[in-house]
Amino acid sequence: MFPDFRSPKAYVSLILLAVMFIVPVVMGTAFWTNLFVLLFVFAALTTAWNIVGGYAGQLSLGHAVFYGIGGYTATLLTANFGITPWIGMIAGALISGVVAVVISYPTLRLKGPFFALSTIAILEVVRLLVIHEESWTGGSSGISLPLNIGWTWIVFRDKINYVIIAFVIFLLVLWASWFIRKSRTGHYLIAIREREDAARAVGVHTVNMKILAAVVSAMLTSVIGTFHITYLTFVDPGSAFSLELSIQIAMFALIGGLGTVAGPIAGTFLVLPIAELARGWLSALGNGMHGVVYGVILVAVVLTIPRGLAGAFGPMIERLLDRLPYLGTRPVKQAAAPASTEKHVIDRESPVLKAEHLFKNFGGLRATNDVSLTLYRNEILGMIGPNGAGKTTVFNLLSGFLSPDKGNITLLDRHGTWVKCTTPDDLAHKGMGRTFQIARPFTGLTVLENIMLGAFIDTSKRDEAERIALRVAEQTDLVKYLNTEARNLTVGGMKRLEIARALATGPKVLLLDEVMAGLNPTDVEKAIQMIRRIRDSGVSILLIEHMMQATMALSDRIIVINEGAVLVSGLPQEVVENPAVIEAYLGKEYNDA
């Protein structure tokens, strides 16, 4: 996957990259050469960190452990065995990948600040181990790299060679970051960062994806660490496994804009030169001044542009770039295939979802008490009941977010095989989609990208996912909002987006949880028509809805849940006239009256 170099964004980016390389070559002085080596190294480090810290939203503050592994591996191989640092670079990256798996598997299951604290602890443990193993690591005194001159050893008299290597590594890491962001993996990582439960509902194996991000980020960081420590010709535990370094690269990404491709670069190129120039101008008086500069800029950015430089100025720059000419013929997007308008008849002989004798307790509270239900092919089954009756618990049991204490749930999967309901991501792959009572869009993505998240369940190709998303957007009346960020939609738009995201997974069974709550009468009517179109496309629907008018209009059957048990089920008119249902909703006195 490569960018379309005819687009304004691509050729402007190429011009900027060319300027980055030309400036240190033209300036030629030792100061500028060293500054740009540092810029490329730290921009690459920040970009690599952004894969796990920005895209996946996992705040790793011990990332320098992989920088140190890369540097120490190459240095020890060169010093003890005379092996070129180029091979040491590869060896360090492989070791870092293995270490990342070992570290990530347990720690990435932690939430909030606990993951960040665990990464700091691991960094400190590794640093102490390196100091303790003095016989082969040099302990706290460190190791000096043999000064063999030449490309084989990455040691040069002409410093411009360091700029060339740093620039190439920077381009490699930048391309990897861009590739991941535009791929299925990048969409999945951002979905995990935004709303992990919603990501699982569209088939994302969240733990595996976070581990993959950590491994890629670790290996890239290790490669950069090998080069930088070779450039410095000396390594010691204090600088190689530095908490300050980890915080520094995380801060650059935060200032530039977390989770964006350009943000880490913007943050590095803004802050690092100011800090280095301040340190150079103030000389001995400026000892530690770079830390003050970092702090001042960080506070200013957080208070004024909390989404970072890319978040604040990115949309404006994109609008300006869109006005530039396209070099060649613009690619034409293929029109979405029309949705099927064929009406399907309920097949009472073909169940697609069965729940049998479900029990669920939360401590001393019995939330679900012997619930059984069956959903048939091409049917809309409405589930109603008073607040607190246990409807959402039943939904969570059916969709795998909760496990029943007793009972069985089976689904007729895409291949026509009955399977037990397990985890949400597994069920999404087998043909079940669901929405949530409170809409959970991925606010950092556009409407199109939100829908594509569901489409990626069956394809890894972005173009194919986009075609599926366009078709689903047509079906759910979202075409005119495709390039709008999800956070800017109305309540009705977010509800439709949730349905569209679930539909893009190609479900055979769709669970809708109060999709009409909070809608105005016009939007309710549109929602009713949309749900009928979805049913007519061959999807069986189970819906929870408090709007009785909509439930009556849509449902082929209704099941009433009260106090965690099935009170009654049957045709809509029969159910709402049932005395037991009236009593459950309005009380015995009203029923008697």
Side-chain angles (χ1 to χ4, degrees), residues 44-73 89-127 169 172-194 196 199-200 204-226 240-243 245-254 258-261 263-264 425:
L45 284 171
T46 307
T47 301
W49 180 89
N50 189 54
I51 294 171
V52 68
Y55 296 163
Q58 307 302 308
L59 185 60
S60 173
L61 295 181
H63 221 61
V65 70
F66 306 114
Y67 169 94
I69 288 172
Y72 262 97
T73 301
M89 187 180 287
I90 298 171
L94 293 174
I95 294 171
S96 292
V98 173
V99 171
V101 172
V102 173
I103 292 174
S104 301
Y105 189 77
T107 59
L108 282 172
R109 299 169 189 271
L110 300 173
K111 305 291 183 183
F114 299 106
F115 172 73
L117 291 173
S118 69
T119 60
I120 294 173
I122 290 168
L123 176 65
E124 184 64 14
V125 167
V126 173
R127 186 183 70 83
I169 292 175
L172 169 68
V173 176
L174 178 60
W175 177 83
S177 174
W178 176 88
F179 180 87
I180 289 171
R181 175 61 185 85
K182 296 299 179 182
S183 70
R184 174 169 65 177
T185 300
H187 286 73
Y188 280 178
L189 291 175
I190 291 177
I192 292 168
R193 179 192 72 195
E194 297 269 337
E196 192 164 332
R200 295 175 69 200
V204 181
H205 298 288
T206 55
V207 173
N208 292 348
M209 294 307 303
K210 287 190 282 188
I211 290 175
L212 175 62
V215 169
V216 172
S217 179
M219 294 179 75
L220 292 174
T221 301
S222 179
V223 168
I224 304 159
T226 298
F241 301 101
S242 167
L243 177 60
L245 174 63
S246 297
I247 294 174
Q248 191 174 357
I249 59 179
M251 184 184 61
F252 289 161
L254 179 63
L258 287 174
T260 62
V261 176
D425 47 314

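Just the heavy atoms: all of them, side chains too, but no hydrogens, waters or symmetry mates, feed the values below.
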Find out whether Asn50 and Thr46 are in side-chain contact, i.e. whether some heavy atom of one side chain is under 4.5 Å from a heavy atom of the other. no

Between Ser118 and Leu110, is any pair of side-chain heavy atoms under 4.5 Å apart? yes

Which heavy atom of Ala240 sits nearest a heavy atom of Tyr72, and at what distance? CB-CE1, 3.9 Å

Which atom of Ala176 lies closest to which atom of Leu220, heavy atoms considered: CB-CD1, 4.0 Å

Quick check for you: to the nearest 0.5 Å, what is the distance between Thr119 atom OG1 and Ile103 atom CD1? 9.0 Å

Note, Lys210 side chain near His205 side chain (heavy atom, < 4.5 Å): no

Hey, is the main chain of Gly54 close enough, under 3.5 Å, to the side chain of Arg193 for a donor-acceptor pair? yes

Excluding sequence neighbours, so at least two apart, what forms side chain to side chain donor-acceptor pair (under 3.5 Å) with Thr47? none

Side-chain H-bond candidate by donor/acceptor type, His63 with Ser217, under 3.5 Å: yes

Non-hydrogen atoms of Leu123 and Ser246 that approach each other most closely: CD2-OG, 4.0 Å

Any donor-acceptor N/O pair, Glu124 side chain to Ile122 backbone, under 3.5 Å: no

About how many Å separate CD1 of Ile190 and OG1 of Thr260, when rounded to the nearest 0.5 Å? 9.0 Å

Straight-line distance of Thr73 OG1 to Ile95 CD1, nearest 0.5 Å: 4.0 Å

Any side-chain heavy-atom pair from Asp425 and Val204 closer than 4.5 angstrom? no

Any donor-acceptor pair under 3.5 Å from Thr226 side chain to Ser222 backbone: yes

Gly70 to Ser96 - nearest heavy-atom pair and separation: N-OG, 4.4 Å

Supply the atom-to-atom distance Leu45 CG to Ile169 CD1, rounded to the nearest 0.5 angstrom. 10.0 Å

Using a 6.0 Å distance limit plus a 45 degree cone around the ring axis, check whether Arg109 lies over the aromatic ring of Tyr105. yes

Could you report the tightest heavy-atom contact between Ile180 and Leu189, atom names first, then the distance? CG2-CD1, 4.2 Å

Distance in Å, Ile192 CD1 paired with Glu194 CD, rounded so as to fall on 0.5 Å steps: 11.5 Å

Can you name the closest pair of heavy atoms from Ile69 and Gly92 and give their distance? CG2-O, 4.0 Å

Is the shortest heavy-atom distance from the side chain of Phe115 to the side chain of Leu108 under 4.5 Å? yes

Within the structure provided, determine whether Leu94 and Met219 are in side-chain contact (heavy-atom separation under 4.5 Å). yes

Is a side-chain N or O of Thr206 found less than 3.5 angstrom from the main chain of Glu196, in a donor-acceptor match? no

For the atom pair CD1 (Ile211) and OG1 (Thr107), what is the distance rounded to the nearest 0.5 Å? 8.5 Å

Determine whether a donor-acceptor pair (N or O, by modelled atom type, separation under 3.5 Å) exists between the side chain of Trp49 and the backbone of Ser60. yes

For Tyr55 and Ser177, which I'm curious about, is there any donor-acceptor pair between the side chains at under 3.5 Å? yes

Is it true that Phe241 and Tyr67 have ring centroids separated by less than 6.0 Å? no

